[in-house]
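Remarks on the structure that follows.
In this text the structure is predicted, and so the values were computed from the model without any measurement. Numbered from 1 within each chain, the chains take letters A, B, ... in sequence-line order.
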Protein chains: 2
Amino acid sequence: MDTTIPKYLLVEDHIRQQIKQRKIIDKLPGERQLAAELGYSYMTIRKAIENLVDEGLLYKVPTKGTYVADRKTQKTKTGTIGYFLDSRIAGGLSSPYYSQIFDALQKATAREGYSLIYFTDTNESDLQRTLKKLDGVISTCFPRVEGFIQELKAVVPVVVIDNSAADKTIPSVILDNFSAQVESVDYLCSLGHERIGFITGLEDSDVGKNRYEGYKSGLQKNGIAVEPELVFRGNYTFGSGVSGVDYFLSLEQRPSAIMCANDSMALGAISKLHQLGLEVPEDISIIGFDDINVASQITPPLTTIFVPINEIAACAFNMLQCLIDGKPLENRHIALAAHLVPRGTSAEVAAELVTA
Amino acid sequence: MDTTIPKYLLVEDHIRQQIKQRKIIDKLPGERQLAAELGYSYMTIRKAIENLVDEGLLYKVPTKGTYVADRKTQKTKTGTIGYFLDSRIAGGLSSPYYSQIFDALQKATAREGYSLIYFTDTNESDLQRTLKKLDGVISTCFPRVEGFIQELKAVVPVVVIDNSAADKTIPSVILDNFSAQVESVDYLCSLGHERIGFITGLEDSDVGKNRYEGYKSGLQKNGIAVEPELVFRGNYTFGSGVSGVDYFLSLEQRPSAIMCANDSMALGAISKLHQLGLEVPEDISIIGFDDINVASQITPPLTTIFVPINEIAACAFNMLQCLIDGKPLENRHIALAAHLVPRGTSAEVAAELVTA
DNA sequence: TAATAATTATGCTATATAGCACTTTAAACG
DNA sequence: CGTTTAAAGTGCTATATAGCATAATTATTA
């Protein structure tokens, strides 16, 4: 008999082992029963259980009994949620789109008295330390972080945005990228454009694929053949916008308009055109995607697709709150609409291009 | 005798009142003494005290006694710090400068296993709830939030950035705005500019004042008289850059160069000049301040002052960590240097303006 | 006066006991 | 068989008591 370890700690450890060995699955024996079985006083049992309740391993329902806490539904709420973004995203949180997403999420969470922590993929011990602070996570989803998201889901409720997760049990809020790109093509065709270049985003995700598919579908809808030479593979960076223009201008017949799968690439394309002495939109029209803050501030103001960032944030947070509170979700997957905002980088196709 | 309120809760409230009324300053009477004084059993006293200890109001030193917890020194660390920014800042966290600051702070804190929560001025109960989650706060300081910062300081360690706090016991990391502006003037003078306009920031803070003072000092240093008509009062927004250009172009003799107290105003100025058919830098040179990400991406790339944002973030966080750990600070106030980055919006003054 | 021993103070552990209010189950009654 | 009553089960509150180990204070002794 080890007299240096208090008995209540022995009881705590005994209960921990019973749970770990699945001898206690959900409901503990009553306190008086435990006292009889283990041969300790009732008050000692109560003290041990009280500590495990404080620790979050157990919870009590008065008059009913004591239960093993399910981490995701019974944990004491921290009042803090996390926003996860892959650390390989260029510019991270200082990139225009993601800083707007984060700002919108922060506002949505603050309205409900929640705090928001931003985190990226990190080592395991830092991750676990961070997750202990969180009631749930909203994550921008890309295929390359699916494993990571599963890891998050094992610990806390998760909602994904931008792309749906492969695991369809994870709720998602995404954008209808396809229809938005069709709308851009429609608009350019209404301006008389027939050679429309496209700088893709990354096609390793639905966002990238759907923006490209929307471009192609829009062309077909307007009776324009899809020409592979009018497609440049981009990666969402300013630099690939620059490279895209280099490529298009090397064609025998350059496009009269260029759609870019995001605004940063559109900025790069415009920069390069200006550098080469070409006018936007007089010589070539440019359309972006995202409507980042700067889009309306450059000269000329960028024609782009408006993304309802505040709505995405609010929607995702509402879904996460339902998960945290154990309430049912009405819809597990929501796709919000985006729409074209015509500004100064798009105009009717120049006359000499029509006749060419 | 109210039989619906448990006695241990009555004891908890009694102790709370004693502390609030300063009848207990530091050390509580012994548990047995309290039991005798209040007429409850020793075990009831212990239970009440145990709860207050769990709550963080008290702490116990075995064999010595029970003490009132000093919030700043005895609290269990949460591993989370806050970044506070006045909610009236235009664009909030999605504005280029602050999103870069936040990103840099997040990286600096993550390196030490800390999490970062962004918060703005908010109602009292949300503030207290948020502060409970924090080990300390880094705050962008403006005169109008001095009171708020004092409130923060009463609860957690605080470090300020951008402007020093009036309360000089609060450590600060600021930028040498004065010398940076002198450098801009020097540079413009080396390009032959003699009429240099200045769009100020807000002069309700040292940042705004020092950028203006640096402009004036730079002029005097280069033997140029300071002309009040060449100064336009701005407010750091794109719109006031636009208005500044309107004002300068209304002068009989417009300036050949315009310095702006931040990049957003520079973007506005450029936009307006382009709108009016003027060329940058051919007709008017423009210099910004901050070197936000977009500065190098617009056409032409913006000449601006590079601000060592990563260094500010790391420095501020290191100071805060010392405060949290109770370590002495080497320097309480640090001013970091900024430097001019010449790009495409500045050039030699045009010939017709020199002769005019 | 200094050193040593005894006493006191302190929070901690542990047991025993006797209810209370509420919920669920079983037994009794019509 | 349905309804009512009683019993059992459950966590909760409250008190009393008797130590334990450690530190500080007081008393005693050399």
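- OP1 or OP2 of dT10(C) has not a single side-chain nitrogen or oxygen of Thr66(B) nearer than 4.0 Å.
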Begin from the C-alpha positions of Tyr98(B) and Asp103(A) and carry the test side-chain contact (heavy atoms from CB on, under 4.5 Å) through to its verdict. CA-CA 11 Å; Tyr98(B) 293 109; Asp103(A) 193 46; over 6 Å; no
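- Without hydrogens or angle criteria, Lys60(A) side chain to Ile49(A) main chain gives no donor-acceptor distance under 3.5 Å.
- In this structure, Phe148(A) and Phe84(A) have parallel ring planes: the angle between them is below the 30° cut-off, well short of the 60° mark.
- For the pair Arg46(A) CZ and dC20(C) C1', the interatomic distance rounds to 13 Å; values are reported in whole Å.
- Heavy atoms from other residues, nucleotides or ligands lying under 6.0 Å from NZ of Lys168(A) number more than 12.
- Looking at Lys153(A), its side chain never comes within 3.5 Å of a backbone N or O of Asp167(A) through a donor-acceptor pair.
- Protein atom CD1 of Ile49(A) is 15 Å distant from nucleotide atom P of dA14(C), rounded to whole Å.
- Axis orientation changes by 30° from one end of the helix from dT1(C)-dA30(D) to dG30(C)-dC1(D) to the other, with each end axis drawn from 5 pairs and the value rounded to 10°.
- Taking atom CG of Leu34(B) as the reference point, atom P of dA9(C) lies 15 Å away to the nearest angstrom.
- dG11(C) atom C1' lies 13 Å from atom CG of Leu28(B), rounded to whole Å.
- The backbone N or O of Cys141(A) lies less than 3.5 Å from a partner atom in the side chain of Asn163(A), making a donor-acceptor pair.
- Between Leu134(A) and the choices Ile81(A), Ile324(A), Ile117(A), the side chain to side chain contact (heavy atoms under 4.5 Å, CB included) rule is met once, by Ile117(A).
- When the side-chain nitrogen and oxygen atoms of Lys47(B) are compared with OP1 and OP2 of dA14(D), none of them lie within a distance under 4.0 Å.
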Under 3.5 Å, N/O pairs linking protein and nucleotides 15-21 of chain D:
| unit_1 | atom_1 | unit_2 | atom_2 | d |
| --- | --- | --- | --- | --- |
| dT15(D) | OP1 | Lys7(B) | NZ | 3.2 |
| dT15(D) | OP2 | Ser41(B) | N | 3.3 |
| dT15(D) | OP2 | Ser41(B) | OG | 3.0 |
| dT15(D) | OP2 | Thr44(B) | OG1 | 2.2 |
| dG19(D) | O6 | Arg32(B) | NH2 | 3.1 |

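- Rounded to whole Å, the distance from CG on Leu10(B) to P on dA14(D) is 8 Å.
- Close to dT24(C), at under 4.0 Å from its OP1 or OP2, lies a side-chain N or O of Lys64(A).
- Between the CD atom of Glu12(A) and the P atom of dT13(C) there is a distance of 10 Å, rounded to whole Å.
- Following rounding to the nearest Å, Glu31(A) (CD) and dT13(D) (P) show an atom-to-atom distance of 11 Å.
- Using cut-offs of 30° and 60° for the angle between ring planes, the Tyr59(B) and Tyr67(B) rings count as parallel.
- Figure legend: cation-pi geometry between Lys7(B) and Tyr40(B) absent, as NZ or CZ is not positioned both under 6.0 Å from the six-membered ring centre and within 45° of its axis.
- Atom OH in Tyr59(B) sits roughly 14 Å away from atom C1' in dG11(C) (whole-Å rounding).
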